[in-house]
Amino acid sequence: MMLDAPVIERRSYPDRVLSDRHDYQQLLLGQGGMVELEVAGRCLRVSEGVLAPVPSGDLHHYLAPADNDVLVLDLPVEWCHALGIESLFESGRGASRRLSGIKVPTALATAAPTGPADVPRLAQWLLTLATALDAGGGKPLPSQRLSLLRLLPEVRRRLEQPWRVSDMASLCHLSEAVFARQFRVLMGMAPAAWLRRERLILARQLLMGTGAHGRAMPVSLSEIALACGFHDAAHFTRVFGEAHGMPPGRWRQQTAQQVLQRSESYKT
């Protein structure tokens with residue numbers, strides 16, 4: 001998509017891996033929550049006050065494991081050239097600190113224009129930003145070894161396996177203790193709690209007769225238990241009951257009745 005003018009938007013990204021490549025420059029400035037990006041092989045985490053550049057033409061992937069709020073600036077290449085802010089996106093001396101993400105000074109981050117009609121103010125803010133970063137302002141972020149973009153989809157694809165925290169740590173080339181600590185900081189819960197949540201999400205889908213990709217999959221409770229990584233039907237029933245206050249069979253009946261009632265109400 002070709003841009004004729006800058007676009008200023010607040011966006012929220014989903015909890016699934018998406019990929020994109022575009023012919024305009026893009027800046028992401030975190031307002032809340034966290035989005036993980038991989039841009040041309042570089043892993044960046046966009047949290048509050050963190051600036052992440054996405055150069056024109058670079059393939060990038062993103063995933064947001066929780067609620068998030070991001071200020072997104074889509075900037076035409078020629079517009080950036082005319083303004084003289086190419087240094088925000090170019091590789092070369094001093095650029096690696098920017099292309100890996102940088103914590104913007106609070107005063108500068110809060111001054112960023114957020115409305116669609118703020119293009120004139122945007123130009124001045126970008127000039128101030130480029131000057132500050134060229135002068136060494138901001139805090140460069142360290143490279144990330146724990147990549148949620150790679151870890152979460154891999155675990156979700158194989159929930160039937162008996163995952164241990166050590167298995168997930170090995171995928172990230174981290175010790176179990178370091179992995180567990182970083183995971184809790186990023187996700188707000190322990191790895192085991194996240195894994196249980198994901199298994200229950202899949203279980204609810206299967207109980208309603210749909211798989212992770214929307215395919216019809218009418219299966220028994222024992223089959224659902226094994227497909228979601230529970231030891232057996234008894235283990236599944238116990239964990240499901242703790243989370244939902246009723247056994248999975250009753251939950252399936254009640255939910256099916258509610259769906260039927262809503263469907264009938266649409267017909268009247």
Should [X] and [Y] count as side-chain neighbours, where that means a heavy-atom distance under 4.5 Å?
{"X": "D23", "Y": "L3", "result": "no"}
{"X": "Q26", "Y": "P53", "result": "no"}
{"X": "V54", "Y": "L27", "result": "no"}
{"X": "L108", "Y": "T106", "result": "no"}
{"X": "I102", "Y": "V50", "result": "no"}
{"X": "F240", "Y": "P247", "result": "no"}
{"X": "E198", "Y": "L152", "result": "no"}
{"X": "P113", "Y": "W125", "result": "yes"}

Quick one: does any side-chain atom of [X] pair with a main-chain N or O of [Y] as donor and acceptor, under 3.5 Å?
{"X": "K103", "Y": "L51", "result": "no"}
{"X": "R21", "Y": "G57", "result": "yes"}
{"X": "N68", "Y": "Y13", "result": "yes"}
{"X": "D118", "Y": "G115", "result": "yes"}
{"X": "E160", "Y": "C228", "result": "no"}
{"X": "W194", "Y": "F183", "result": "no"}
{"X": "E36", "Y": "L149", "result": "yes"}
{"X": "Q31", "Y": "L29", "result": "yes"}
{"X": "T110", "Y": "A107", "result": "yes"}

What verdict does the salt bridge (Lys or Arg N to Asp or Glu O under 4.0 Å) test give for D15 and R156, after you've listed the backbone C-alpha separation in whole Å, the side-chain angles of each residue and the deciding distance to 0.1 Å? CA-CA 12 Å; D15 183 13; R156 284 167 172 162; 2.8 Å; yes
Please report the C-alpha distance between R10 and D69 in whole Å, then the side-chain angles of each, then the deciding distance to 0.1 Å, and finally whether the salt bridge (Lys or Arg N to Asp or Glu O under 4.0 Å) criterion is met. CA-CA 7 Å; R10 298 282 284 265; D69 180 15; 2.5 Å; yes
What closest approach, in Å, do [X] and [Y] show between heavy atoms, and which atom pair accounts for it?
{"X": "T255", "Y": "M208", "value": "CG2-SD, 3.5 Å"}
{"X": "R199", "Y": "P162", "value": "NH2-CA, 4.1 Å"}
{"X": "P191", "Y": "A180", "value": "CG-CA, 4.1 Å"}
{"X": "L88", "Y": "A130", "value": "CD2-CA, 4.0 Å"}
{"X": "P153", "Y": "V17", "value": "CG-CG2, 3.3 Å"}
{"X": "R42", "Y": "P55", "value": "NH2-CD, 4.3 Å"}

Before you tell me yes or no, could you show the steps for C172 and F179 under side chain to side chain contact (heavy atoms under 4.5 Å, CB included), namely the whole-Å CA-CA distance, both residues' side-chain angles and the distance that decides it to 0.1 Å? CA-CA 8 Å; C172 301; F179 167 79; 4.0 Å; yes
Report yes or no: do [X] and [Y] belong to one cluster of Ile/Leu/Val/Met/Phe/Trp/Tyr joined by side chain heavy-atom distances under 4.5 Å?
{"X": "V77", "Y": "L75", "value": "no"}
{"X": "V46", "Y": "L59", "value": "no"}
{"X": "L129", "Y": "L127", "value": "yes"}
{"X": "L206", "Y": "V259", "value": "yes"}
{"X": "L44", "Y": "L18", "value": "yes"}

Among side-chain atoms of Q124 and R121, is any donor-acceptor pair under 3.5 angstrom? no
Between H60 and E38, does any side-chain donor sit less than 3.5 Å from a side-chain acceptor? no
Residue pairs passing the side-chain hydrogen bond (donor to acceptor under 3.5 Å, both in side chains) test with at least one member in residues 164-184, sequence neighbours excluded, are R164-D167
To the nearest 0.5 Å, what is the distance between [atom1] on [X] and [atom2] on [Y]?
{"X": "Q25", "Y": "D74", "atom1": "CD", "atom2": "CG", "answer": "10.5 Å"}
{"X": "L148", "Y": "L63", "atom1": "CG", "atom2": "CG", "answer": "6.5 Å"}
{"X": "I85", "Y": "T128", "atom1": "CD1", "atom2": "OG1", "answer": "11.0 Å"}
{"X": "R250", "Y": "Q253", "atom1": "CZ", "atom2": "CD", "answer": "9.0 Å"}

Which of V219, L226, L221 passes side chain to side chain contact (heavy atoms under 4.5 Å, CB included) with E223? It is V219
Within a radius of less than 6.0 Å around [atom1] of [X], do more than 12 heavy atoms belonging to other residues, nucleotides or ligands occur?
{"X": "H231", "atom1": "NE2", "result": "no"}
{"X": "D20", "atom1": "CG", "result": "yes"}
{"X": "R16", "atom1": "CZ", "result": "no"}

Between R150 and E154, does a salt bridge (Lys or Arg N to Asp or Glu O under 4.0 Å) hold up when you go through it step by step? CA-CA 6 Å; R150 299 182 184 277; E154 180 65 19; over 6 Å; no
Before you tell me yes or no, could you show the steps for I224 and R252 under side chain to side chain contact (heavy atoms under 4.5 Å, CB included), namely the whole-Å CA-CA distance, both residues' side-chain angles and the distance that decides it to 0.1 Å? CA-CA 12 Å; I224 290 175; R252 174 157 58 183; 4.2 Å; yes
In terms of the angle between their ring planes, are H244 and W251 parallel, tilted or perpendicular, with boundaries placed at 30° and 60°? tilted
Return the orientation label for the F236 and F230 ring planes: parallel under 30°, perpendicular over 60°, tilted otherwise. tilted
Where do C80 and F89 land on the side chain to side chain contact (heavy atoms under 4.5 Å, CB included) test, with the steps shown first? CA-CA 10 Å; C80 293; F89 306 95; 4.2 Å; yes
Check the pair R45, L186 against side chain to side chain contact (heavy atoms under 4.5 Å, CB included), reporting the backbone distance first and the verdict last. CA-CA 10 Å; R45 291 207 181 101; L186 291 172; 3.4 Å; yes
